[in-house]
Protein chains: 2
Amino acid sequence: MRKSKKERQACLQETIKENPFVTDEELANEFNVSVQTIRLDRMELAIPELRERIKYVAEKKMQDEVKSLPIEEVIGDIIDIELDKSAISIFDVKKEHVFTRNGIARGHHLFAQANSLAVAVINDEMALTGKADIRFVHPVKEGDRVVAKAKVIRSEKLRTIVEVASSVGNEVVFQGEFSMFRAPSSEKEEKNETGN
Amino acid sequence: MRKSKKERQACLQETIKENPFVTDEELANEFNVSVQTIRLDRMELAIPELRERIKYVAEKKMQDEVKSLPIEEVIGDIIDIELDKSAISIFDVKKEHVFTRNGIARGHHLFAQANSLAVAVINDEMALTGKADIRFVHPVKEGDRVVAKAKVIRSEKLRTIVEVASSVGNEVVFQGEFSMFRAPSSEKEEKNETGN
DNA sequence: CCGCTATTAGGACTAGGTACTAAGAACAGT
DNA sequence: ACTGTTCTTAGTACCTAGTCCTAATAGCGG
C-alpha cells in the first residue's frame, strides 16, 4: 500500500537523515512512487541532493579532524599556571565522557585531566609520568565542571612529585600523586621507570 | 614554470591528500596543464575522482560516528575475556596518542586501556574505579602494540582488586593495581570512594 | 462534471567525471 | 637530421544524479 503524501514525506525525511547516501531512485523504489515525486518531496522539505548531502557530511568530518588532534595535547583548559609550582585546569564532562548506562564519567578522563596537568606544570622540554597513586573519591556526572589543581610538592634532579586534586563545586572527586620524570630535551631512555 | 611529470604527480598527490575537495579543473589551473593531463595523472596514481573521494571521506565519518561513542566504552580491542577472572586487550599506539615532540605515548592512554579493561573484566552491571596504583615502567612509542592483561586478584562483596600488566613485545611497560567497586544495577551512591 | 491536488512523464541542461581515439610536442638516441 | 618514445592536449560519446520546466493524467470532493 502507498502512503499518503504527508506520511511519505515524514518517512523520507527520517530515511535520509539516518542514511544520507540514498539516491532518489532508491527512495522511489522504497516508497513505490516515481523519481519525480521524490524530487518534489525533497523540494518541499528543502532536502538537498545526494551529492550535496555527502559533501556536507565529508566537510563536517574535515572540520572535527583538525579538532581532534591538537586539542588533546592537554585535556581540559588550563586557566592558570605557575611553572614548577602550580596549575589549574577545568574540564566539562560531556556525554562522550560518561558511561551510557548511568551517566557517570569514565575514570580515565579524570585521570587524563590530572595527568596532563601534571605534565604541563613542569617547566621542562618533556615530562613523563613514572608512578601515580590515585583515588576516585566521588562519581562525576555528565554536565559537571571538574576543576583540577596541581601542586608541585618536591623536586629532585630527575624526579618531581606533583599532587593533583580535582573537584566539582566544593566536593573533591579525584586525588592523585604523580611522580614525574623530567627529560631535558635529549632522547635518553634512562633505564627502568619511565612512561608517558 | 611548469613542473616535470614526476614533480607534478608528487605535488598532485599531496594536494589531493590534504584537500580531497579539489576538482580536476582546479588542479589543471594550479599546475598549468590541461584537464586531461590531470586525469591521466590520477589514473597513474590510482586516485579516484572527486565524488568518490568525497564519498569516501563521508563514509569514514559515518563509521567513526558509531565508533566514537559505543566503542570507546573499552579502549583497545578485547581479544580474550573470562568474566571475574582475567582479560586481555590490545591497543595500537597511533600518532594521535603520542607527544608530537618525542613520539612517546601519553600516559593517560595506557591508563585508559588498563582501566577500561579492569572495568570490563568485572561481571556486573557496572564497575567504578575507586583507587589505582600505577607505574609507567617503560616509554611506549608510536607504532607499538600494547597488550594489556588483567587478572582479578581478590573479590569481596563490593570491592574487587584487579591487577593489570601491559607490555610491548616481551617488555613490561605499565603496571597497575585497580580497586574496583561493583555496582549491581541500582543507582546508589555509597558515600566516599567512588569514581569512574 | 468542474476544479483541485498529487503524481508522473518527458525534454533540455548541468557538473564532474570515464573511456577512448587521435594528433601534435618535446626530447633522446643514433 | 631522422626516428622512436613519452608526454600532453583535444575531442567525442557516454555516465550519474541530479535541476528546471512543461505538460499530461489520476483520483477525489463538492
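In what follows, chains are A, B, ... by sequence order, proteins preceding strands, each numbered from 1.
- Grouping Ile, Leu, Val, Met, Phe, Trp and Tyr by side-chain contacts under 4.5 Å, direct or through others, puts A:Ile161 with A:Ile153.
- Residues satisfying the side-chain contact (heavy atoms from CB on, under 4.5 Å) criterion with B:Ala28, sequence neighbours excluded, are B:Val35, B:Ile38.
- Distance B:Lys6 NZ to D:dT6 P: 14 Å, rounded to the nearest Å.
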Please tabulate, one pair per line, each protein N/O and nucleotide N/O from nucleotides 7-10 of chain D that are separated by under 3.5 Å, including the distance.
residue	atom	partner	partner atom	Å
D:dC7	OP2	B:Lys5	NZ	3.1
D:dT8	OP1	B:Arg8	NH2	2.3
D:dT8	OP2	B:Arg8	NH2	2.6
D:dT8	O3'	B:Arg2	NH2	3.1
D:dT9	OP1	B:Arg2	NH1	3.2
D:dT9	OP1	B:Arg2	NH2	2.8
D:dT9	OP2	B:Ser34	N	2.8
D:dT9	OP2	B:Ser34	OG	3.2
D:dT9	OP2	B:Thr37	OG1	2.5
D:dT9	O5'	B:Ser34	OG	3.4

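- Partners of A:Asp133 under the side-chain hydrogen bond (donor to acceptor under 3.5 Å, both in side chains) rule, at least two apart in sequence or in another chain, do not exist in this structure.
- Counting only residues at least two apart or on different chains, the side chain to side chain donor-acceptor pair (under 3.5 Å) pairs with a member in residues 143-153 of chain B are B:Asp92-B:Arg145.
- Considering only residues two or more places apart in sequence or on other chains, B:Asn123 meets the side-chain hydrogen bond (donor to acceptor under 3.5 Å, both in side chains) condition with none of them.
- Checked for salt-bridge contact, A:Arg39 and A:Glu44 miss the test: no charged N lies under 4.0 Å from a carboxylate O.
- Side-chain contacts under 4.5 Å among hydrophobic residues (ILVMFWY), followed directly or transitively, place B:Ile79 together with B:Ile88, B:Ile90, B:Val147.
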Under 3.5 Å, which N/O atoms of the protein pair with N/O atoms of nucleotides 16-18 of chain C?
residue	atom	partner	partner atom	Å
C:dG16	O4'	B:Arg51	NH2	3.1
C:dG16	N2	B:Arg51	NH1	3.4
C:dG16	N3	B:Arg51	NH1	2.9
C:dG17	OP1	B:Leu50	N	2.9
C:dG17	OP2	B:Asp24	N	2.9
C:dG17	O5'	B:Asp24	OD2	3.4
C:dG17	O5'	B:Arg39	NH1	3.3
C:dT18	OP1	B:Arg42	NH1	3.1
C:dT18	OP1	B:Arg42	NH2	3.4
C:dT18	OP2	B:Arg42	NH2	3.0

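- Between A:Phe21 atom CZ and D:dT16 atom C1' the separation is 17 Å, expressed in whole Å.
- Among residues at least two apart or in separate chains, there is no side chain to side chain donor-acceptor pair (under 3.5 Å) pair with a member in residues 45-58 of chain A.
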